[in-house]
Amino acid sequence: MHFHEKVYKDVTAPIIELCALLLEEDELEQHAFFSGLLPLLAEPIQEEQVLAAVIELSRCAFLGFQYSPMAALQIDQLLAQSIDLAHTMSAQGMH
C-alpha cells in the first residue's frame with residue numbers, strides 16, 4: 001500500500017465518516033473543526049504535512065466539545081490510527 005493510500009484509509013476516510021455523523025447530529029462546531037483538517041490531508045505527499053494534520057487532530061480533546069457516544073468512539077479510533085501512522089512514519093521514514 002502506498003503512503004497516500006494508507007493516509008486516506010487510516011485518517012482521511014474516518015474523518016469524512018465522522019463529519020457525516022456530526023452533521024447528522026447537528027454538531028456544527030465539531031463538524032467545522034474536523035472538516036477543517038481535510039485540506040491538510042488532500043495531497044498527503046510529505047510526512048510533515050500528515051504530521052501537522054495528526055497534531056491538529058489531537059487538539060480535539062482539548063477544545064471542550066461534547067461528543068455523542070458514537071462520535072466519541074469514532075474519534076478514539078481515529079486518534080489511535082493517526083498516532084499509529086505517525087509512529088510508523090517516524091520509525092520507517094515513510095515518504
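The hydrophobic cluster of F62 has no other members, since no ILVMFWY side-chain heavy atom comes under 4.5 Å of it. Membership of the apolar cluster around L28 extends to L23, as traced through chained side-chain contacts below 4.5 Å between ILVMFWY residues.
Atom CG in L51 sits 8.0 Å away from atom CG in L85 (nearest 0.5 Å). Taken from CD in E56 to OG in S82, the straight-line distance is 12.0 Å, to the nearest 0.5 Å. L57 contributes atom CG, which lies 6.0 Å from atom CG of L37 (distance to the nearest 0.5 angstrom). For the atom pair OG1 (T12) and NZ (K6), the distance works out to 12.0 Å, reported to the nearest 0.5 Å. The CG atom of L21 sits 10.5 Å away from atom CD of Q30, with the distance rounded to the nearest 0.5 Å. The CD atom of E27 sits 11.0 Å away from the CZ atom of F34 when rounded to the nearest 0.5 Å.
Within a 6.0 Å sphere centred on CD of Q66, heavy atoms belonging to other residues, nucleotides or ligands number 12 at most. The 12-atom threshold is not exceeded at CD of E29, counting heavy atoms of other residues, nucleotides or ligands nearer than 6.0 Å.
In this structure the side chain of Y8 reaches within 4.5 angstrom of the side chain of I16, judged on heavy atoms. Residues D84 and D10 have side chains not in contact (no heavy-atom distance under 4.5 Å, counting atoms from C-beta outward). Within the 4.5 Å cutoff, no side-chain heavy atoms of V50 are placed close to those of V11.
Here the closest non-hydrogen pair linking L22 and H31 is CD1-N, 3.8 Å. Across all their heavy atoms, A53 and L41 have their closest contact at CB-CD2, 3.6 Å. Among all heavy-atom pairs drawn from P14 and K9, the shortest one is CD-O, 3.4 Å. For the pair S35 and C19, the tightest heavy-atom approach, listed with the atom from each and the gap, is N-SG, 3.5 Å.
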Y67 vs Q74, test: side chain to side chain contact (heavy atoms under 4.5 Å, CB included). Steps then yes/no.
CA-CA 10 Å; Y67 302 106; Q74 287 185 7; over 6 Å; no

Run the side chain to side chain contact (heavy atoms under 4.5 Å, CB included) check on C60 and I75 step by step: do they pass?
CA-CA 9 Å; C60 73; I75 291 165; 3.8 Å; yes

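Hydrophobic clustering (side-chain heavy atoms under 4.5 Å, transitive across Ile, Leu, Val, Met, Phe, Trp, Tyr) keeps L63 apart from I83. Under the 4.5 Å side-chain heavy-atom criterion for Ile, Leu, Val, Met, Phe, Trp and Tyr, L18 and L38 are members of the same hydrophobic cluster.
Classification of the H4-H2 ring pair by plane angle, with boundaries at 30° and 60°, yields parallel.
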